[in-house]
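All values below were derived from every heavy atom in this structure, side-chain atoms included, with hydrogens, water molecules and symmetry-related copies excluded. Bear in mind the structure is a predicted one, so any value in this text is a computation, not a measurement.
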Amino acid sequence: MIPYRAIQEVPMRMSQLFGQTLREAPADVEVESHRLLVRSGCIRQLGAGIFSYLPLGWRVVGKIQTVIRQEMERIGAQELLMPVVNTADIWKDSGRWDVIGPELTRFKDRQERDLVLAMTHEEAVSDLVRQEIRSYRQLPRLIYHLQTKWRDDPRPRAGLIRVREFIMKDSYSLDRDDAGLDLQYDRHYQAYHRVFSRCGLDALAVKSDVGMMGGKVAHEFMYLTPIGEDTIMICASCGFRANRQVAAFGRDEPDVRADAPAFDIEEVSTPDTTSIEDLTKLLGVPASRTAKAVFMVGQVNDAEAKLVFAVIRGDLEVNETKLANAAGVRALRPAQPEEITAVGAVPGYASPVGIDGVSVIADVSISTTPNLIAGANRQGYHLRNVNHGRDFTASVVTDIAAAQDGSPCPECGSPLAARRGVELGNIFKLGTRYSDSMGCFFLDEDGERKPVIMGSYGIGVGRLLASIAEEHNDKDGLLWPVTVAPYTVHLVVINGAENEAERLYLELERAGIDTLYDDRDERPGVKFKDADLIGIPIRITVSPRTIEQRAVETKLRHEPDRGSVAMDQAVEWARSTIALLEQPLGERANASPARAD
RNA sequence: CGGGAUGUAGCCUAGUGGCUAAGGCGCCUGCUUUGGGAGCAGGAGAUCGCGCGUUCGAGUCGCGCCAUCCCGACCA
């Protein structure tokens, strides 16, 4: 038998590295992080939203995961691993089998049993909890794992920012009461702040929609960048911030006082005037004096859909998330003209006046603004002086309007700014959403059977990596923060200094410093270009020239100038430089985060 | 799912119905060179996304399909 021995005794010589750098990125790459991650040999694409991590990129993933594990352990979390393939049973138990559409991939095994690819793990964790947790003595608990998820997203984009297969850290808190949940939620809030800070990113916590997760309170941690696909409303003066999907906002004073007398309704001829814009031109009134009818169709469940008739003042836009929540439906889509006429409304001239048998959801602006101009439900005619409560009554009056750039802050009234962001992580107070449906109960001290109070907390690892790359780069390549860099030192040897470089490489390794050693038979220019592209924070060059001085050349990736250190001081210099680079990231993590409550 | 774009060697590109599909990068061999993606010589590498059609002749035109990207719809 041949005894096992490592083919290679040390971690990485570039001559052995799997994966090449590319001088040019593939043509279909659009965003900078994607371009640089591909060019530097960190990732390769297999299909839409499906990527491989090459050794260099996988090391970054490993470093990020280490940071996450440390911060999760700091708040008392225990790591475990739940399967990617779930039985359909548990998804039927939770009810999400019927609620979630094609984004959840379903398949059958050879016995024709239904299975799903897990897109998140509330069901799996609840199945564990209902087996394991029996007594209040077993609470609280906090468990997490780092696991692959699959979501058949209709539109992956921007490299690793939005993908279909991805690695996620998800943790689940288990408590006997709301106070326990609040505490664990709060700890996650702090832990997430620390994770992102240590990775070199500022993440802004914003109030968010609970979406398909169910539950009550939720925050998202956003990295602000123009390539982000979420819109966040931010108030510069009081610190209010929320995802646009849920952002409330202050309402302007209506042009007419709410208690102004209601005039008699009258019909006015408005041929070929089917938009608010046309209407304001024809009648010479501002959009804020008009009522706009919006027809959507919402899925109640897989089988059932219903028409949602929304009314909002003409100067405002409907926020579909708010509307879906108000209507108690998911997946809104614009209604077809036939679906509108079916309830007696006339597309282009629609209004709730005179419509029966369909529930109307009105924005608060409708009830606070008197004498509006609305459709007459008759081709070519509108109505003047329509008043909510007199001429029609909505079944629901609530906030369904979308905050816009410049809308007043709901807290202080200053203008809100709309910014784009990438959602790096989120935290949800689930409450008993899954405990109730899946039977996670425990016996409390008082002998009563109670549902476990749960929370769910996620971080997208690949998206975090991409965001770091997006934030930290220059024209020459990546600039990894030292905490997540694939290696901390990039050792370059110039022809003729092999013996000295080799010796330094072994010393660095022995000192426990992650070193990428460029021992390739390449010209110096090639090696320096690759070093810049790969973006390891510390570069040490050994050449015949430096050997003459009994020294090595030093260069930090984020600084333009090169320095020099005595050969026998090189390891110590590297060690202290790493500490120096880590310091500001640690300080940021220790600073307390600004809260968005 | 709607709109748009693209698909030629590992990557970037040329090829505008007509001879053996062209160039650069990268790769292999040799020489030369050695501090910011060198030079010379030689070489390997392509079912031009797939299928059907039009044509004497298709990388090029038509239809269908597939794939990828962008915008929208959608989305923890």
Side-chain angles (χ1 to χ4, degrees), chain A residues 19-31 34-35 38-39 41 44-51 96 99-104 118-122 149-159 161-164 166 168-170 208-215 218-222 227 229-231 243 245 296-299 320-321 324 330-334 336 422-428 430 456-460 463 475-477 492-498 518 520-534 539 541-546 553 555 560 562:
Chain A
Q20 306 293 307
T21 57
L22 300 178
R23 197 179 295 207
E24 291 179 276
D28 53 13
V29 164
E30 291 281 326
V31 304
H34 189 195
R35 185 191 322 280
V38 170
R39 282 193 58 210
R44 292 290 181 261
Q45 182 163 0
L46 177 60
I50 309 175
F51 288 84
R96 289 207 285 186
V99 176
I100 298 177
E103 204 181 342
L104 176 66
M119 53 198 294
T120 171
H121 281 81
E122 280 76 19
K149 313 273 189 255
W150 170 264
R151 289 182 195 174
D152 194 1
D153 197 294
R155 188 152 115 71
R157 58 173 286 274
I161 296 289
R162 186 176 182 84
V163 292
R164 294 192 294 171
F166 57 99
M168 183 167 168
K169 184 289 299 179
D170 41 323
S208 70
D209 181 45
V210 293
M212 75 167 187
M213 305 294 300
H219 284 87
E220 292 168 339
F221 288 77
M222 311 291 309
I227 67 158
E229 53 198 342
D230 284 297
T231 302
N243 193 308
Q245 292 177 329
M296 309 287 287
V297 174
Q299 289 297 127
E320 287 188 23
T321 304
R330 63 185 164 100
L332 285 170
R333 63 165 172 83
Q336 301 295 318
V422 171
E423 180 187 348
L424 298 174
N426 52 38
I427 54 181
F428 288 96
L430 294 176
S456 154
Y457 316 86
I459 292 179
R463 185 179 270 189
K475 66 173 175 44
D476 294 314
V492 175
V493 58
I494 305 293
N495 243 339
E498 285 78 6
D518 193 348
R520 296 175 302 170
D521 182 21
E522 286 287 354
R523 299 170 56 82
V526 173
K527 294 188 174 190
F528 292 140
K529 285 290 185 191
D530 273 346
D532 286 346
L533 180 57
I534 293 169
R539 190 180 86 194
T541 307
V542 184
S543 72
R545 202 197 277 175
T546 68
E553 176 190 285
K555 180 175 181 307
R562 291 175 284 203

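- Contact of A:D28 with B:G7 (side chain to base): no donor-acceptor pair of N or O atoms is detected under 3.5 Å.
- B:U29 and B:A41 make up a base pair, with Watson-Crick or G-U wobble contacts both under 3.5 Å.
- For B:G36, its base sits under 3.5 Å from the side chain of A:R539 at one donor and acceptor pair at least.
- Residue side chain A:E522 does not reach the base of B:G37 through any donor-acceptor N/O pair under 3.5 Å, judged by distance alone.
- In this structure, A:D153 places its CG atom 13 Å from P of B:A73, rounding to the nearest Å.
- Per the geometry, CZ belonging to A:R463 stands 10 Å off C1' belonging to B:C75, to the nearest Å.
- In this structure, CZ of A:R157 is placed 17 Å from C1' of B:G3, rounded to the nearest angstrom.
- Applying the Watson-Crick and G-U wobble criteria (two distances, each under 3.5 Å), B:G36 pairs with nothing in any strand.
- In the set B:G35, B:C12, B:C74, the nucleotide with an atom closest to the side chain of A:P154 is B:C74.
- When the C1' atom is used for both B:A38 and B:A46, the distance is 29 Å, rounded to whole Å.
- Of the nucleotides present, none pairs with B:U54 by Watson-Crick or G-U wobble criteria with both distances under 3.5 Å.
- Remark: the backbone N or O of A:G460 is not paired with any side-chain donor or acceptor of A:K149 at under 3.5 angstrom.
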